[in-house]
Amino acid sequence: MFTKRNSHLALTAFVASGILFSHNASADDNKSDVSQWLKDYRSVVIVENDILNAADLSFANTIRSILSDNGKTVTKEEMVKFVETLVATLEVREFENRSAGYKMTVESFPGIKRELTGAKLLGFERSDYSLVPTAVFNRLDLAPKSYADCGEYRIVYSFKKPAPDSSMVQRLFLNFEARVPNPKYKSPGNLTAKMIAEGCKNIAGFWANLPNESDPNRIGKELHKFFYKETPGGGERAMRPETLGSQSGQIRGNLQAAQCTPSGTCSKDNQKLWLLREWRVMPTPVKRIKFPPLQFRAETLKDNPLAELYQDVDDSGQEDSKLSELKRHFHLTFAYLYGPALIAPKNMPKAPNSLWIVNNLALNPLGHCNCFDKFNEFQNVMSGRSNDNINYNYNEYQSIKQIINNILMKKIPRTHSLTEKQIILRAEAVSCGGCHKFVAGRHIGKLNNNEIQWPDTNERFVHISEINNKHIDRLSVGLKNKYLPYRKFNLEQFINRQTLIADKISESFTTFALRRMQLDQKLRQLSADFFNDNGNHELIREIDRFWADAFAQPGAFVPRRRTH
């Protein structure tokens, strides 16, 4: 463990130009500036290859860590089969949104398991498809107000470089987003609010001190320990099934793949689509021969309503009745919940700046609530004319336009300037697609007559690219200039002051502590007595309820905790 600093962190000016790093030239042009930036921001992002190599954060190590609870020895065969449960979801043509009871169609890639095998992804076979770590992120800013957990800690994997054009999948990014429980959960009784917050301060201090360490091998060793052995303050390792979906957290993926027809024919030309997907690590529901007790389960994309829901209800009787019902409910929700949140985010300061707006804007104002998951779809497809591009299909939204003009335009604060179209732009901006392409670089309104520009990405899609790019060029302008400065600021505020700590212990902390420990015990029995005649459906339902309740809490740093 690194030694604690004797002095407080230097609290960098929040909006001063010194904290914002705009990199328009080659990284070689300003090597000293780039090196200093990488060092200064090491508390929230690490992209240096020497540190990542020293940390040995291989894809195989992460998969092994997920499967090896209770010191269980994990075989290569188990790892391969586990990874292939994720790949298998890419062959599925439709998924049922369990909250809505409605089946949603997605792009499918029949035969992809033959090309994108678990052995290749894990590096057990030499291949263009072997995944390697390209970045590590500290997302303390996603901690809930109760500090029941200490935010998310992410490893991003990708190919070393894009695969050949002839490949079915040319680019792939998998973000393992582990939500780390507060170590104080081990003994939830007789705790004060300050003691609870101290559990997260140990973890925050670990990351805050990384810029002070100059030895990449030592940093790597400590990162390896954090993700695979234990977290500061006596917590368990970050990469576990509990932190990646069975209690909280998730895995998100971006892939560029050949477009396939409904009959299963996939083109091999360069016309490939970008798709965004999401998974959770969950118990396998029924006994399957030679399958590990865990699987990757496809999940809805949060804050990504099915694009068709923006369209008008078809009263001709030709439309699916469930879809019509969902549309009506969605339009009401947009009028009285989503719309007001997009116009004026909850707890907006009296004098907000564009940096605050960009980091706090959200579709749903209720914490990180899964309350309206019934609207969310299972993928977001990137192409200019995609049905998922809700702004491209704006002319089909007469009902939504009426809601905006008759209800929402009256709620715009005097300091703001918003057009009808910009409200829809904001709805898309906080979705996966908006963040990655459709709204990147667009103006989403004015604040005190100053334009608010949504952060841009690399190549108008990815925020982090493959490791064949130079360190600084791997990160998007949006990350460098908008997201990372805000996260770094929040980390420093938490380390230096007590203002973000509640005055009294949150009842939800104790409640969630007990529920979490009970789930821990059940999950750790999986390898011993998981496969029984009745499967594990009730445990899975219990996990889903806990997951939804945990994310419903408001944030400690932002009122609404966006997944992305």
Side-chain angles (χ1 to χ4, degrees), residues 63 65-70 72 74 78 81-92 94-104 106 148-149 176-179 181 185 236 239-253 277-302 368-379 511-553 563:
I63 296 302
S65 182
I66 295 170
L67 294 176
S68 62
D69 225 352
N70 291 333
K72 179 180 178 289
V74 180
E78 289 175 311
K81 288 187 178 296
F82 176 52
V83 170
E84 288 179 347
T85 64
L86 184 150
V87 180
T89 65
L90 301 176
E91 293 191 338
V92 178
E94 65 179 14
F95 294 100
E96 182 176 3
N97 182 310
R98 296 180 297 276
S99 299
Y102 184 72
K103 291 183 178 180
M104 300 180 178
V106 296
D149 64 65
F176 280 70
E177 302 172 345
R179 185 167 287 272
Y185 260 118
E236 296 187 62
M239 289 296 166
R240 298 182 285 126
E242 295 89 346
T243 64
L244 290 164
S246 64
Q247 293 183 11
S248 54
Q250 61 277 318
I251 300 94
R252 288 184 300 126
R277 297 284 185 94
E278 187 169 322
W279 301 267
R280 286 164 58 196
V281 174
M282 293 289 286
T284 305
V286 294
K287 181 175 182 178
R288 297 182 183 179
I289 297 173
K290 294 186 178 180
F291 263 67
L294 297 171
Q295 65 172 352
F296 287 93
R297 187 179 77 179
E299 293 291 325
T300 57
L301 301 174
K302 306 309 173 284
H368 188 149
C369 187
N370 218 23
C371 311
F372 297 99
D373 193 46
K374 66 190 304 181
F375 300 137
N376 291 329
E377 59 180 323
F378 288 85
Q379 74 172 14
T511 301
F512 276 86
L514 295 173
R515 288 177 67 187
R516 186 187 293 273
M517 286 188 290
Q518 290 168 354
L519 278 178
D520 279 347
Q521 293 172 357
K522 293 179 181 180
L523 286 164
R524 286 174 181 177
Q525 294 172 359
L526 282 177
S527 58
D529 60 1
F530 167 73
F531 293 131
N532 55 56
D533 293 338
N534 298 319
N536 222 22
H537 296 286
E538 183 51 42
L539 174 59
I540 291 173
R541 285 191 287 270
E542 185 179 350
I543 288 170
D544 282 337
R545 288 192 294 269
F546 180 89
W547 193 90
D549 291 344
F551 280 110
Q553 299 180 61
T563 303

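Side chains are part of it too, since the values below use all heavy atoms of this structure and drop only hydrogens, waters and symmetry mates.
The backbone N or O of V74 lies less than 3.5 Å from no partner atom in the side chain of S68, so there is not a single donor-acceptor pair. Remark: the backbone N or O of A298 is not paired with any side-chain donor or acceptor of T89 at under 3.5 angstrom.
When every heavy atom of L294 is checked against every heavy atom of I66, the shortest pair comes out as CD1-O, 4.0 Å. Nearest heavy-atom pair across Q295 and P283 is NE2-O, 3.8 Å. Considering all non-hydrogen atoms of both residues, A100 and K374 come closest at CB-O, 3.5 Å. Here the shortest heavy-atom pairing between R277 and L301 reads C-CD2, 3.6 Å. Closest heavy-atom contact between M282 and I540: CE-CG2, 3.8 Å.
Put simply, CD1 on I251 and CG on L244 are 5.0 Å apart, with the number rounded to the nearest 0.5 Å. Between the CD atom in E78 and the CD1 atom in I63 there is a gap of 12.5 Å [rounded to 0.5 Å]. Atom CD of E96 is separated from atom CE of M104 by 9.5 Å, given to the nearest 0.5 angstrom. W547 contributes atom CH2, which lies 15.5 Å from atom CD of E242 (distance to the nearest 0.5 angstrom). With values rounded to the nearest 0.5 angstrom, E542 atom CD is found 9.5 Å from Q247 atom CD.
Side-chain N/O atoms of Q250 and E177 include a donor and acceptor closer than 3.5 Å.
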V106 vs V92, side-chain contact (heavy atoms from CB on, under 4.5 Å): CA-CA, chis, key distance, verdict: CA-CA 8 Å; V106 296; V92 178; 5.5 Å; no
side-chain contact (heavy atoms from CB on, under 4.5 Å) between K302 and T300, intermediate numbers included: CA-CA 6 Å; K302 306 309 173 284; T300 57; 3.2 Å; yes
Chi angles and distances behind the side-chain contact (heavy atoms from CB on, under 4.5 Å) call for T243, E236: CA-CA 10 Å; T243 64; E236 296 187 62; over 6 Å; no
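Counting heavy atoms from C-beta outward, V281 and S246 have side chains that stay 4.5 Å or more apart.
Residues passing the ring pair (Phe, Tyr, Trp, His ring centres under 6.0 Å) test with F378 are F95, sequence neighbours excluded. Applying the salt bridge (Lys or Arg N to Asp or Glu O under 4.0 Å) test to E299 and every residue at least two apart in sequence or in another chain returns R98, R280, R297.
Between F296 and F82, the two ring planes are parallel [angle under 30°; tilted spans 30° to 60°].
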